[in-house]
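Let me begin by presenting the structure, written as structure tokens, before commenting on it.
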Amino acid sequence: MPNSTPLQLGWEEWLSLKDLGLPAIKAKIDTGAKTSALHASVIEPFGPAHAPQVRFLIQPDPGDASLEVTCSAPIVDRREVTSSNGERELRYVIETTAEIGGLSWPIQLTLSNRETMTYRMLLGRAAIQPSWIIDPNASFLQPQLSYQTYQGLPRRKPVKRPLRIALLTREPRNYSSLRLIEAAETRGHVIEVIDTARCYMRIGAADAEVHYDGEALPRYDAVIPRIGATITDYGMAVLRQFSNTGAYCLNTAGAIGRSRDKLLAHQLLARAKIAMPITAFAHSPKDTKGLIAVAGGAPVVLKLLSSTQGKGVLLAETRKTAEHLVDAFRGLDANFLVQEFVEEAGGADIRAFIVGNKVVGAMRRQAETGEFRSNLHRGGTASPAKLSAAERDIAREAAKVLGLQIAGVDLLQTSAGPKVLEVNSSPGLKGIEAATGKDIAARIIEHLETVIRPLARQREPLL
Ligand code: ADP
């Protein structure tokens, strides 16, 4: 509390509530009221009973509804308040720091959503020092601020606040989910597990909603999608809907779609001149020999496009085997690709884990003897890897081209430099954390903290 020269206040003044991401807000000084109030909308409590939080939206400029700031703060109290029309309602009380003319002091604010409030904020008696001088006939005795301050806000340092995060997964108890939950909670956020398949949606011109077990879900600051390959399409639709509600998606549906469609991913990477093993795609080609020749001739690797964990990846060492395999895949009407076999990789590959365009960890996976697939699920062993500058650059570039902020980029090392094998949009944390000893989950949550800005964002384009 300031105690030097008494502060002089008129009946209206500009304040800063920086911890809420509100650098300028006009308040009515109301000594007739005890408590201070903030006019908010979409007031949604969240978090555990022992540490409740509340998330809300503030439109600081009464003349500009498009200026909307997302805030959250710990709940310090709940108060029953009788409104002017005699109705009793429960209001959340938060504590924050107010600043006027270089003085800052802690204040409590009740959150109310009375549309009739002409001032976004009321400063009541409890927040005013007895020594301060209030002149009810004057206004703006303290420095005037301006709503212009908000214009540069998205580019400035993000506001540190508790985030409400949804973890979109069908496997809440797997290692990656548990680690993300742990990392978010350790950093003071609230993370809720949402089962992708149980979400249903109302799509209409009114506000977007995601429904779950009979109720509309609240608004989230961010969604971390961990969408399994079997429900990619539906998972992407759910994610787009979350994006429509204003949630930040780490990764976006579009980026996940680009990486899951192996043909599209290869085309995008090739267009960006990212080195890859020579790859031939086919649906049901009559010209088996031609297809194998396009991939450089035997030995070649054949991959079913639906393959994960190396299951549909086969090595054809001779031309004859390659032809038989292509014919067999064709008989099954399967989508597959034929790829140059990079023998010099020696059954090893590199997994670079990207978070927000940085490599935050890398491991080398070595296949078992007699096996060329280094997948850990196929008996491969992992060790930490130190990447060359070229490897780091190509991994970052591959993730960027697909628009992925979180990615596992698999590389093969060749004498001609690194080649990208695959870019995974939901990379597992277990192998990489075990191999590197790094807290990758914490890096992911830290990244979220830096990209979530208080001002409403441009939504991801749906197309
Ligand atoms: P999946 O997505 O099913 O894991 P990948 O394309 O990643 O399939 O292949 C599995 C493993 O097989 C890779 O990690 C790599 O060790 C090996 N591999 C894949 N393609 C090639 C190739 N063209 N040359 C050499 N080894 C390869």
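Sequential numbering from 1 along the given sequence is applied to the chain's residues. Fair warning: this is a prediction, and the values are worked out from it, not measured in the lab. Atoms within a ligand are numbered from 1 in the order they appear, just like the ligands themselves.
Contacts of Arg161 classified as side chain to side chain donor-acceptor pair (under 3.5 Å), with partners at least two apart in sequence or in another chain: Ser72, Asp221. For His266, the ring-ring contact (aromatic ring centres under 6.0 Å, His included) criterion is met by Phe281, not counting sequence neighbours.
Remark: Arg78 fails to qualify as a cation-pi partner of Tyr92 under the 6.0 Å distance and 45° angle criteria applied to the six-membered ring.
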Need the list: ligand 1 N/O atoms against protein N/O atoms, distance under 3.5 Å, rounded to one decimal.
residue: ligand 1; atom: 2 (O); partner: Glu422; partner atom: OE1; Å: 2.6
residue: ligand 1; atom: 3 (O); partner: Ser307; partner atom: OG; Å: 2.7
residue: ligand 1; atom: 3 (O); partner: Gln309; partner atom: N; Å: 3.4
residue: ligand 1; atom: 3 (O); partner: Gly310; partner atom: N; Å: 2.7
residue: ligand 1; atom: 4 (O); partner: Gly310; partner atom: N; Å: 3.1
residue: ligand 1; atom: 4 (O); partner: Asn375; partner atom: ND2; Å: 2.8
residue: ligand 1; atom: 6 (O); partner: Lys303; partner atom: NZ; Å: 2.7
residue: ligand 1; atom: 7 (O); partner: Glu422; partner atom: OE1; Å: 3.3
residue: ligand 1; atom: 14 (O); partner: Asp349; partner atom: OD2; Å: 2.8
residue: ligand 1; atom: 14 (O); partner: Ser374; partner atom: OG; Å: 3.2
residue: ligand 1; atom: 16 (O); partner: Phe372; partner atom: O; Å: 3.4
residue: ligand 1; atom: 16 (O); partner: Ser374; partner atom: N; Å: 3.1
residue: ligand 1; atom: 16 (O); partner: Ser374; partner atom: OG; Å: 2.8
residue: ligand 1; atom: 20 (N); partner: Lys303; partner atom: NZ; Å: 3.1
residue: ligand 1; atom: 23 (N); partner: Gln339; partner atom: OE1; Å: 3.1
residue: ligand 1; atom: 23 (N); partner: Glu340; partner atom: O; Å: 2.8
residue: ligand 1; atom: 24 (N); partner: Val342; partner atom: N; Å: 2.9

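Applying the ring-ring contact (aromatic ring centres under 6.0 Å, His included) test to residues at least two apart or on different chains, the pairs with a partner in residues 172-203 are Tyr200-His211.
One distance of note links SG of Cys249 with CG of Leu239; it measures 4.0 Å at 0.5 Å rounding.
A side chain to side chain donor-acceptor pair (under 3.5 Å) with Asp349 is found for one member of Gln366, Arg373, Arg365, Arg364 and no other, namely Arg365.
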